[in-house]
Student: 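Provided herewith is a single structure, encoded as structure tokens, for subsequent inquiry.
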Amino acid sequence: MHILKCLAVTVALALALASCKKAKTDAPERTTLDSTLAPPVSRLTIPLSFSLDKVEALINEKIDGTFLRKRVAVNTNDSLYFELTKQQPIILTWKAPDLRYRAHLKVSGQYMKNILGVKIQNQTPIEFELELLFKTELGFEKDWSIRPKTVIDEIVWKSDPVMNLGIATINFRKPVEKALNDHQDSLTLKLDGFMKETIDTRKIIEKIWSDLQQPIRLKKDEPRIWLLAKAETLKARWTRGPERQITAQAELTAQISTLVEGDDLTVSPVPLPEFSFQTDHQDSLVASVLCTLPFDLVNKYSRKKLVGLRIDSAGYSAQIKDVEVYGTEDGLAVKLGLTGDVRGDVYLQGRPVIDRTSKSFKIEDFDFVVDSDDAVLASADWLLHSSIKTMVEKQLTYELQPYADMIPMLITSGIEKGKLAEKLEVYIDSWEIMPIATLITSKDLQMIIQVRGMAEIRLQEIRKDSTQQKAISQ
């Protein structure tokens, strides 16, 4: 621990310049403040990316061969029987919020015509080709399940569908188009049903909402620290994304704080709210984390590491018999109880800050608090204003970027608890660390650190659900 090294350095400096007298030091006054910081609401926007190629493949598996047979009345006397057969793979394109299908089909038809009571029809079905273009507008139901609404957008004939019955020439175009438009539910409802089976958005959103509210281990060694998000709201919308990707955004707001060992880790996730539409697009992550370090815990582990430590320097020797970190009106104070050639208490104090430029936590104005009859011991204050002060400040500097870099891992860990995908990847653009506030109370050190950045979560593999229906989960 850097702060422990710093304490050892400062003690060694005092020893090197001290006589064998007992140090007389006035303790910095303790703060009596008892308050709690209220962090701003954090916002996590999770871009969901569904592979259009995989959706396309699943749709083509479900729609194959002859998939529609219809007999329709053309007028009072005539009727038409036709079949639609897929000739080529269906092609999907995405332009939020619309999903478009292009289906190359073969039309096989038999026309029955009644002329003066005589029924005439072609014995061999006549065949023509057309392209059927569908447009599906994607939305969400209140329970977050996908809500597709498909309509026929256009019918493109590859050749004029004309049939000669001998005594009459029949053009299939109008009756076929009318039949398709009048009975398009036979097609569109199937497509909508297949889409609901393929993309289970409710399962995805429900898992993300629940799993991200579970405590996530931030620090494995002692003292153990967890990150906890208490979810508040959830919104979503479909978005335009990279080519061959169906993309959406889910925006979650939450209160994020840290928990330390001894805190209650029991969590009751807030129930998933009804769907709400996200109206704007901002940075994908604005996390304002309230970090609380109780002095009881800090002192417990400081004593575990330092008490009993023997320091030798320039022929002098001392041993640390006690350590205490506490809050003052101006910052933090460190009390070292010494025995040996230097006996008594030595105090250090400084002001904790978060440097936005260097993205680090450090102690500014760190210095000895010396009040002694021994002029030699008092000169340690003078030495700290030279190169030694620079070294001490360096030892008390903590780089925050590695902790920010852990956020993608934490997001992945939280979502993968739900086993939504065989493989999940988080793509990171950039992070920015911003200090918001620091508060020192009689009980603890509180900091609010805000992290802003851009991220994307993508599914790499397709899973099958328990009913063996293929589904894409994000």
Side-chain angles (χ1 to χ4, degrees), residues 36-49 140-145 200-220 223-237 248-278 282-292 403-421 424-426 428 431 436 446-459 463 473-474:
T36 303
L37 289 175
V41 173
S42 296
R43 183 181 69 253
L44 174 63
T45 301
I46 306 174
L48 305 175
S49 181
F140 291 95
E141 303 288 357
K142 287 185 177 180
D143 67 352
W144 290 92
S145 57
D200 190 350
T201 51
R202 175 176 171 80
K203 178 182 178 181
I204 298 163
I205 296 296
E206 199 167 40
K207 277 295 184 182
I208 291 175
W209 174 262
S210 175
D211 293 337
L212 287 181
Q213 292 185 74
Q214 299 302 316
I216 300 172
R217 188 78 165 267
L218 182 64
K219 189 173 180 290
K220 293 184 178 181
R224 292 183 289 271
I225 301 175
W226 289 263
L227 200 65
L228 179 65
K230 184 177 181 181
E232 294 186 348
T233 66
L234 186 64
K235 300 178 181 180
R237 67 186 179 103
Q249 282 189 158
E251 180 187 89
L252 180 146
T253 62
Q255 293 282 350
I256 303 179
S257 59
T258 56
L259 297 175
V260 297
E261 57 184 70
D263 291 338
D264 185 6
L265 297 179
T266 304
V267 176
S268 298
V270 177
L272 180 67
E274 289 186 351
F275 166 74
S276 180
F277 184 74
Q278 182 194 14
Q282 303 179 47
D283 285 353
S284 62
L285 176 72
V286 180
S288 301
V289 183
L290 172 60
C291 306
T292 303
Y403 291 95
D405 291 341
M406 291 177 65
I407 291 177
M409 179 272 292
L410 298 177
I411 295 172
T412 304
S413 173
I415 296 175
E416 284 185 338
K417 287 180 182 178
K419 304 299 182 183
L420 293 175
L424 194 67
E425 291 189 6
V426 179
I428 304 303
W431 300 108
I436 300 298
Q446 302 173 30
M447 296 179 293
I448 297 178
I449 302 174
Q450 190 174 84
V451 181
R452 290 177 176 268
M454 301 295 292
E456 182 176 356
I457 298 173
R458 296 180 191 171
L459 173 77
R463 293 176 60 86
S473 297
Q474 187 75 20

Student: Between Q446 and L37 (side chain of the first, backbone of the second, donor and acceptor by atom type, cut-off under 3.5 Å), is there such a pair?
Tutor: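 Checked: pair present.
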
Student: For T36, give me all partners under side-chain hydrogen bond (donor to acceptor under 3.5 Å, both in side chains), at least two apart in sequence or on another chain.
Tutor: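 Per chain and number, T36 pairs via side-chain hydrogen bond (donor to acceptor under 3.5 Å, both in side chains) with no residue.
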
Student: Using side-chain hydrogen bond (donor to acceptor under 3.5 Å, both in side chains) as the criterion, list what pairs up with T266, not counting sequence neighbours.
Tutor: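 Testing T266 for side-chain hydrogen bond (donor to acceptor under 3.5 Å, both in side chains), a comparison that skips the adjacent residues, returns D264.
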
Student: First locate atom CZ of R43, then atom OG1 of T233, and finally report the distance between them rounded to the nearest 0.5 Å.
Tutor: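 Answer for the CZ-OG1 pair, R43 versus T233, is 10.0 Å.
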
Student: Is the backbone N or O of L227 less than 3.5 Å from a side-chain atom of T258, with the two atoms forming a donor-acceptor pair by type?
Tutor: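 Checked: no pair found.
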
Student: In Å, rounded to the nearest 0.5 Å, how long is the span from NZ of K142 to OG of S276?
Tutor: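 K142 atom NZ to S276 atom OG measures 12.0 Å (nearest 0.5 Å).
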
Student: Quick one, V289 and I448 - any side-chain contact, counting heavy atoms below 4.5 Å?
Tutor: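 Side chain of V289 against side chain of I448, heavy atoms only: no contact under 4.5 Å found.
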
Student: Which residues pass the side chain to side chain contact (heavy atoms under 4.5 Å, CB included) test with L228, sequence neighbours left out?
Tutor: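 In terms of side chain to side chain contact (heavy atoms under 4.5 Å, CB included), with neighbours along the sequence ignored, L228 is linked to P215, L259, V267.
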
Student: Verify, without hydrogens or angle tests, whether W209 (side chain) and V270 (backbone) share a donor-acceptor contact under 3.5 angstrom.
Tutor: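 Yes: the side chain of W209 pairs with the backbone of V270.
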
Student: Check Q214 against P269 and note the closest heavy-atom contact, atom names and distance.
Tutor: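 Taking every non-hydrogen atom into account, NE2-CG, 3.4 Å.
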
Student: Checking Q450 now: which residues fulfil side-chain hydrogen bond (donor to acceptor under 3.5 Å, both in side chains) with it, not counting sequence neighbours?
Tutor: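 In terms of side-chain hydrogen bond (donor to acceptor under 3.5 Å, both in side chains), with neighbours along the sequence ignored, Q450 is linked to S288, R452.
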
Student: What is the minimum heavy-atom distance between F140 and A236, and which atoms define it?
Tutor: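 Shortest heavy-atom contact: CE1-CB, 4.2 Å.
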
Student: Quick check for you: to the nearest 0.5 Å, what is the distance between K235 atom NZ and E251 atom CD?
Tutor: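 Between K235 NZ and E251 CD, I get 6.0 Å after rounding to 0.5 Å.
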
Student: Determine yes or no for a side-chain-to-main-chain donor-acceptor pair under 3.5 angstrom, with T253 supplying the side chain and S42 the backbone.
Tutor: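 It does not hold such a pair.
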
Student: Who pairs with Q213 by side-chain hydrogen bond (donor to acceptor under 3.5 Å, both in side chains), at least two apart in sequence or on another chain?
Tutor: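 Here no residue qualifies.
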
Student: Apply side chain to side chain contact (heavy atoms under 4.5 Å, CB included) to S145 and list each qualifying residue two or more places apart in sequence or on a separate chain.
Tutor: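 So S145 forms a side chain to side chain contact (heavy atoms under 4.5 Å, CB included) with E141, D143, R202.
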
Student: Please answer whether the main-chain N or O of P273 pairs with a side-chain N or O of W144 as donor and acceptor at a distance below 3.5 Å.
Tutor: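 Side chain of W144 to backbone of P273, a donor-acceptor pair under 3.5 Å: yes, one is there.
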
Student: Would you indicate whether the side-chain heavy atoms of L234 and L272 approach each other to under 4.5 Å?
Tutor: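 The answer is yes; the side chains approach within 4.5 Å.
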
Student: As an exercise, state the distance from CZ of R237 to CZ of F277, rounded to the nearest 0.5 Å.
Tutor: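 Nearest 0.5 Å value for the CZ-CZ distance: 6.5 Å.
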
